Amino acid sequence: MSEDDSNLEEYPTEIHDYLTAFEKSLGSVDEMLKTMMSVSRSELLQKLDPLEQAKLDLVSVYTLNSMFWVYLATQGINPKEHPVKQELERIRTYMNKVKEITDKKKASRLDKGAASRFVKNALWEPNTENEHSSKTPAKGKKRL
């Protein structure tokens, strides 16, 4: 009997696909961590503006806490009853604050001068010479 056959007997066959997907996901996480670890943190932070640095820090700490959440679950500890849950919520709060700041930067700014010129030019102003030379009555007015 091969090693693969003995592993199949240890867990129900219904969860084989889930375990395969989990193993593939772990491989992806491992690759991403190797990529992140290959670049010096100080080198990376020098290339980023403060907002981008905050995003990187938040994603990093959120990832680590999420991995700890998974670790707790694999150890039979309910992560919902562990302080890691409050930490993840705190990090999400800061992520939302950073998102609001980013959205405000992306929002278009109103140029008040241009807007007032636009409105002024869009409004109709009666021209005195056109009023006297017009032979047709204005719409809605009765000619006396």
Side-chain angles (χ1 to χ4, degrees), residues 1-131 134 136-143:
M1 190 190 271
S2 71
E3 187 178 328
D4 288 339
D5 291 339
S6 65
N7 285 342
L8 288 175
E9 292 176 15
E10 292 179 20
Y11 59 87
T13 56
E14 295 85 27
I15 64 170
H16 179 73
D17 292 338
Y18 293 113
L19 291 174
T20 304
F22 181 68
E23 183 180 26
K24 185 177 177 182
S25 296
L26 282 179
S28 299
V29 169
D30 188 41
E31 286 178 32
M32 291 298 284
L33 286 174
K34 285 178 182 175
T35 302
M36 283 186 68
M37 301 301 280
S38 68
V39 178
S40 164
R41 181 164 171 77
S42 60
E43 205 177 291
L44 182 61
L45 290 176
Q46 287 175 352
K47 297 176 184 176
L48 300 174
D49 66 3
L51 189 60
E52 295 298 319
Q53 289 176 8
K55 286 180 183 179
L56 176 66
D57 288 341
L58 287 169
V59 167
S60 299
V61 75
Y62 191 83
T63 302
L64 287 172
N65 280 286
S66 296
M67 290 172 67
F68 186 65
W69 175 288
V70 172
Y71 170 76
L72 289 173
T74 62
Q75 299 303 307
I77 300 170
N78 185 357
K80 292 179 181 176
E81 297 172 0
H82 193 275
V84 73
K85 181 179 180 189
Q86 287 82 19
E87 183 65 13
L88 285 167
E89 289 172 0
R90 186 180 73 86
I91 296 165
R92 266 191 234 119
T93 301
Y94 285 110
M95 290 174 109
N96 288 334
K97 288 181 181 181
V98 167
K99 185 179 183 312
E100 287 174 19
I101 293 169
T102 304
D103 290 346
K104 283 181 183 177
K105 279 188 169 186
K106 288 180 184 177
S108 60
R109 308 262 177 188
L110 177 64
D111 183 355
K112 291 181 182 178
S116 65
R117 288 190 301 274
F118 177 77
V119 170
K120 183 179 177 184
N121 289 330
L123 294 175
W124 176 78
E125 291 183 21
N127 194 345
T128 54
E129 64 185 48
N130 285 345
E131 261 184 37
S134 177
T136 58
K139 196 173 189 179
K141 289 187 178 179
K142 290 184 181 177
R143 195 164 188 154

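Heavy atoms only: backbone and side chains are in, while hydrogens, waters and symmetry mates are out. Here the structure is a predicted model, which means the values were calculated and not measured.
- Applying the ring pair (Phe, Tyr, Trp, His ring centres under 6.0 Å) rule to pairs touching residues 42-61 yields nothing, sequence neighbours excluded.
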Show which side-chain atoms of residues 43-54 pair as donor or acceptor with protein atoms under 3.5 Å away, not counting sequence neighbours.
from, atom 1, to, atom 2, distance (Å)
D49, OD1, E52, N, 2.8
Q53, NE2, L45, O, 2.8
Q53, NE2, L48, O, 3.1

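- A distance of 11.5 Å separates CG in N96 from CD1 in I101, rounded to the nearest 0.5 Å.
- For Q75, the CD atom counts as densely surrounded, since its 6.0 Å shell holds more than 12 non-hydrogen atoms of other residues, nucleotides or ligands.
- The closest donor-acceptor contact from the side chain of D30 to the backbone of L26 lies at 3.5 Å or more, if one exists at all.
- Summarising the geometry, atom CG belonging to N65 is positioned 10.5 Å from atom CZ belonging to R92; distances are rounded to the nearest 0.5 Å.
- We find that R90 and E87 are joined by a salt bridge, their nearest charged nitrogen and carboxylate oxygen being less than 4.0 Å apart.
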Apply side-chain contact (heavy atoms from CB on, under 4.5 Å) to residues N78 and H82 and explain how you reach the verdict. CA-CA 7 Å; N78 185 357; H82 193 275; over 6 Å; no
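- Here the closest non-hydrogen pair linking K80 and K85 is O-CD, 3.4 Å.
- Annotation: the span from K99 atom NZ to L58 atom CG amounts to 14.0 Å, rounded to 0.5 Å.
- Here CD of E100 is found 8.0 Å from CG of D103. Values are rounded to the nearest 0.5 Å.
- Side-chain contact check for K24 versus T20: every heavy-atom pair is 4.5 Å or farther apart.
- The two residues T63 and V59 have their closest heavy-atom pair at OG1-O, 2.7 Å.
- Using a 4.5 Å heavy-atom cutoff, the side chains of K55 and T102 are in contact.
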